[in-house]
J.: 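Have a look at this one before I ask anything.
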Amino acid sequence: MLKNKSYKVSIVMGSQSDFKTMKLCQKMLRLLNVKFETKIISAHRTPKRMYEYARNAERNGIGVIIAGAGGSAHLPGMISSLTSLPVLGVPIESKKLKGLDSLLSIAQMPKGIPVGTLAIGEDGAINSALLAASIISLNDTKIKNNLKKWLSNQSKSVKKRPK
Ligand code: RP5
């Protein structure tokens, strides 16, 4: 990692249909002032696009990849097999199995190719942005401060007693 270089987060997803979930990831990155790009890349429908993307991600200034995928969700694992960048996987809630298929596909990577797996659906999309910001903040004090402020505001917003 180069000192004081400002890295970008790259959000990718297997389909347009994943965007309603993954846009929450964008929203959180915007709140934290983290630079990002967003793309549709499918491991099975656009394998060449996936290969080119993953192979060039590091030299394109990307520090963390967030990949959302549903069903037989091999996109995060396939991308991780093509780069040494950290890859976070967001299991999209599928219609038939409520995202359990996506979760197991993403989490159960065999040893050697890691994917950091988040929760199914919207919680996972939001947490993937927080985790990506945390990784980026290792080398970026502005992002670290933004993240600390967000976390502190969250703590302050929790009431001591229920109404
Ligand atoms: C996966 O298949 C995508 O990540 C998406 O969650 C799922 C369904 O895709 P569509 O049929 O809606 O395009 O590749």
Side-chain angles (χ1 to χ4, degrees), residues 1 6-138 143 146-147 150-151 154:
M1 194 176 260
S6 185
Y7 288 95
K8 194 162 59 176
V9 171
S10 183
I11 305 169
V12 296
M13 61 207 80
S15 167
Q16 174 66 47
S17 64
D18 299 331
F19 189 54
K20 59 182 178 301
T21 305
M22 297 309 289
K23 67 183 174 196
L24 294 172
C25 175
Q26 287 191 338
K27 194 175 169 193
M28 179 57 75
L29 290 176
R30 273 196 199 102
L31 278 177
L32 298 170
N33 223 3
V34 174
K35 285 190 290 178
F36 67 88
E37 61 174 24
T38 310
K39 295 175 187 290
I40 297 174
I41 295 176
S42 166
H44 53 277
R45 290 175 182 149
T46 65
K48 283 186 188 155
R49 196 189 296 177
M50 178 197 65
Y51 183 88
E52 291 304 317
Y53 161 81
R55 277 299 194 206
N56 292 310
E58 199 167 341
R59 75 179 70 103
N60 284 337
I62 289 160
V64 184
I65 294 172
I66 298 174
S72 173
H74 35 266
L75 180 66
M78 288 299 293
I79 290 175
S80 185
S81 76
L82 292 162
T83 177
S84 62
L85 290 172
V87 178
L88 309 180
V90 178
I92 301 294
E93 188 172 335
S94 54
K95 283 193 195 103
K96 300 221 167 60
L97 297 174
K98 305 266 181 234
L100 189 59
D101 43 358
S102 326
L103 175 67
L104 296 178
S105 292
I106 295 174
Q108 288 297 105
M109 282 299 291
K111 63 181 173 294
I113 304 295
V115 173
T117 309
L118 284 303
I120 296 169
E122 296 186 349
D123 285 2
I126 292 166
N127 277 346
S128 73
L130 290 166
L131 189 51
S134 172
I135 296 167
I136 294 283
S137 78
L138 290 171
I143 302 301
N146 294 347
L147 180 60
W150 189 90
L151 292 169
Q154 175 176 243

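These figures come from a predicted structure and were not determined experimentally. Atoms within each ligand, like the ligands themselves, are counted from 1 in listed order.
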J.: Are there any N/O pairs under 3.5 Å between ligand 1 and the protein, and if so, what are their distances?
T.:
{"from": "ligand 1", "atom 1": "4 (O)", "to": "Asp18", "atom 2": "OD2", "distance (Å)": "2.6"}
{"from": "ligand 1", "atom 1": "4 (O)", "to": "Gly70", "atom 2": "N", "distance (Å)": "3.0"}
{"from": "ligand 1", "atom 1": "6 (O)", "to": "Asp18", "atom 2": "OD1", "distance (Å)": "2.6"}
{"from": "ligand 1", "atom 1": "6 (O)", "to": "Gly70", "atom 2": "N", "distance (Å)": "3.2"}
{"from": "ligand 1", "atom 1": "11 (O)", "to": "Arg45", "atom 2": "NH2", "distance (Å)": "3.2"}
{"from": "ligand 1", "atom 1": "12 (O)", "to": "Ser17", "atom 2": "OG", "distance (Å)": "2.7"}
{"from": "ligand 1", "atom 1": "13 (O)", "to": "Ser15", "atom 2": "OG", "distance (Å)": "2.6"}
{"from": "ligand 1", "atom 1": "13 (O)", "to": "Arg45", "atom 2": "NH1", "distance (Å)": "2.8"}

J.: Closest approach of Leu85 and Glu58, non-hydrogen atoms and distance?
T.: CD1-N, 3.8 Å
J.: Find out whether Asn60 and Lys8 are in side-chain contact, i.e. whether some heavy atom of one side chain is under 4.5 Å from a heavy atom of the other.
T.: no
J.: Evaluate whether atom CE of Met28 has more than 12 neighbouring non-hydrogen atoms of other residues, nucleotides or ligands under 6.0 angstrom away.
T.: yes
J.: Can you find a pair of side-chain heavy atoms, one from Ile126 and one from Leu118, that are under 4.5 Å apart?
T.: no
J.: Treating Ser102 as the side-chain partner and Gly71 as the backbone partner, does any N or O pair qualify as donor plus acceptor under 3.5 Å?
T.: yes
J.: Would a 4.5 Å heavy-atom cut-off, applied to side chains only, mark Phe36 and Ile66 as touching?
T.: no
